Engineer: 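Below you will find the structure I want to go over with you.
Start at 1 and go down the list; that is how both ligands and their atoms are numbered. These figures come from a predicted structure and were not determined experimentally.
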Amino acid sequence: MEDSTVESTEPESALETARRQLHHAASHLDIDQNIVERLKHPKKVHEVTVPIERDDGTVDVFTGYRAQHDSVRGPYKGGLRYHPEVTRDECVGLGMWMTWKCAVMDLPFGGAKGGVAVNPKELSSGEKERLTRRFAQEIRDVIGPNRDIPAPDMGTDPQTMAWLMDAYSMQEGETTPSVVTGKPPVVGGSEGREEAPGRSVAIITKQACEYYNSDLDGTTVAVQGYGSVGANAARLLDEWGATVVAISDVNGAMYESDGIDTAAVPSHDEEPEAVTKYADDVISNNELLMLDVDVLIPAALGNVITEANADAIAADLVVEGANGPTTSTASTILADRNIAVIPDILANAGGVTVSYFEWLQDINRRSWSLERVNDELETEMQAAWEAVRTEFEQRDVTWRDAAYIVALSRIAEAHEARGLWP
Ligand code: NAD
């Protein structure tokens, strides 16, 4: 990290976190232990070798994975990442997270995650295309519109998904847009997909503020990260009347106590790391986390609220925009301090929800307007919020536990209804 953002003192692997959350939620529910045992493990993990020809004519060999966790509620769904630290266990853990995320949103999907252990910054566009096409070929038998539907993640983007869709379609002999989501709209991508995770963070923040009887007008918000999630959430909340007092990039944070004109600051996509360039007053990312605001939205990276700084968090409400921004020790400290934390699997689930809309549009060969996408997203987010709120109130648990309880009960009920075969 390039500024004083506190590094995690309790690094947690995605797999450990996913398993711990499973046990936590299971302890509140009367479900068959055999089902819990099954859910601790992925259904299948595919490991493939991906050789590609580099631009200089040499050949490099990379390792790719696709971990498929649970498909009791429908085909597997989850991102594909290109990152040097992609491992089998990371894919398994993140695949499990996707199972919970899809279930809390009541989407007819199970969880998966995959990727290639490669540094995409060291690949030319041509090399990235060859890697994607060869990886698509290696996993072709295990993906498909009714089997497993990949999407973009770290190091991959709509163009990567277009190549993957093309490679798959060429081999199948028919154009199959519904094999991946997060594609460019011209080849079957959905309007509103890019903004969806940030939009869902904003919708859930609005719901949570209403729940705690505070009007968005006059609510102060600090957002860490000004990328796809952070900038879209900040701009919508600003538009809906909240006062966004702080936003940040990797180099530090802009702070304006009277409120930032969020539309005037370029997002990471529009101009990388521009926040600090446009700021009069720069504070550190760690100072941003400690600001005395009504709502704190960590939307940059994981493990930023830790044992080391949880005691100093001054916000009344934390809405997780990033995946896993709060370590489990920090979650306990915040719960003891009565600071509500709305979990990632609910707050940023707009991405996978609009991916589901994209899949529906592709299957029906009929695209939706942006207005329809946003309306339906709002409806889905509200339904998920209501389900989680009900558990939160009835069981007197944290918001995170409530979300996992909703997810796990749906998955367990589906397992019970389908039974164990043979
Ligand atoms: P992005 O690359 O668009 O933006 C990341 C932002 O974080 C940038 O403003 C960058 O400057 C800032 N940043 C990077 N390192 C930082 C650091 N050390 N300290 C402070 N700020 C830093 O990324 P994104 O797509 O907005 O994703 C952000 C988080 O949200 C990730 O945890 C991601 O997994 C999660 N998420 C993304 C999506 C999605 O579809 N984009 C969906 C769900 C969850």
Engineer: Pick, from A322, G324, P152, G227, the option with the minimum heavy-atom distance to atom 5 (C) of ligand 1.
Structural biologist: G227
Engineer: Show which atoms of ligand 1 fall inside a sub-4.0 Å distance from at least one heavy-atom site of P197.
Structural biologist: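 Per the distance check, 38 (C), 39 (C), 40 (O), 42 (C).
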Engineer: Contact between ligand 1 and G302 is defined here as a heavy atom of the residue under 4.0 Å from a ligand atom; is it met?
Structural biologist: no
Engineer: Answer yes or no: does an N/O atom from Q224 fall short of 3.5 Å to an N/O atom of ligand 1?
Structural biologist: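 No, there is no polar N/O contact under 3.5 Å.
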Engineer: For atom 36 (N) of ligand 1, tell me which residue out of I247, V304, V352, V229 has the closest non-hydrogen atom.
Structural biologist: V229
Engineer: Of V250, N303, N232, which has the heavy atom at the shortest distance from atom 22 (C) of ligand 1?
Structural biologist: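 It is V250 that holds the nearest heavy atom.
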Engineer: Could you go through R140 and E172, starting from their C-alpha distance and side-chain angles, then the distance that decides it, and tell me whether this counts as salt bridge (Lys or Arg N to Asp or Glu O under 4.0 Å)?
Structural biologist: CA-CA 9 Å; R140 186 164 63 90; E172 295 293 308; 3.0 Å; yes
Engineer: Is there a donor in the side chain of T99 and an acceptor in the side chain of Y76, or the other way round, less than 3.5 Å apart?
Structural biologist: no
Engineer: Any chance you could measure E195, atom CD, to L236, atom CG, to the nearest 0.5 Å?
Structural biologist: 9.0 Å
Engineer: Within a distance under 4.0 Å of any heavy atom of D249, pick out the atoms of ligand 1 and give their elements.
Structural biologist: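 Near D249, the atoms of ligand 1 are 11 (O), 20 (C), 21 (N).
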Engineer: Report the residues that fulfil side-chain hydrogen bond (donor to acceptor under 3.5 Å, both in side chains) with R193, sequence neighbours left out, ordered by chain and then residue number.
Structural biologist: S355
Engineer: Hey, is G351 one of the residues with a heavy atom under 4.0 angstrom from ligand 1?
Structural biologist: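 G351 does not count as a contact of ligand 1 under the 4.0 Å cut-off.
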Engineer: Any cation-pi pair here, R372 with W368, using under 6.0 Å and within 45°?
Structural biologist: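 Yes, a cation-pi geometry holds between R372 and W368.
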Engineer: Would you be so kind as to tabulate the donor-acceptor pairs closer than 3.5 Å made by side chains of residues 101-112, with sequence neighbours excluded?
Structural biologist:
residue	atom	partner	partner atom	Å
K101	NZ	N323	OD1	3.3
K101	NZ	N348	OD1	2.6
D106	OD1	R73	NH2	2.9

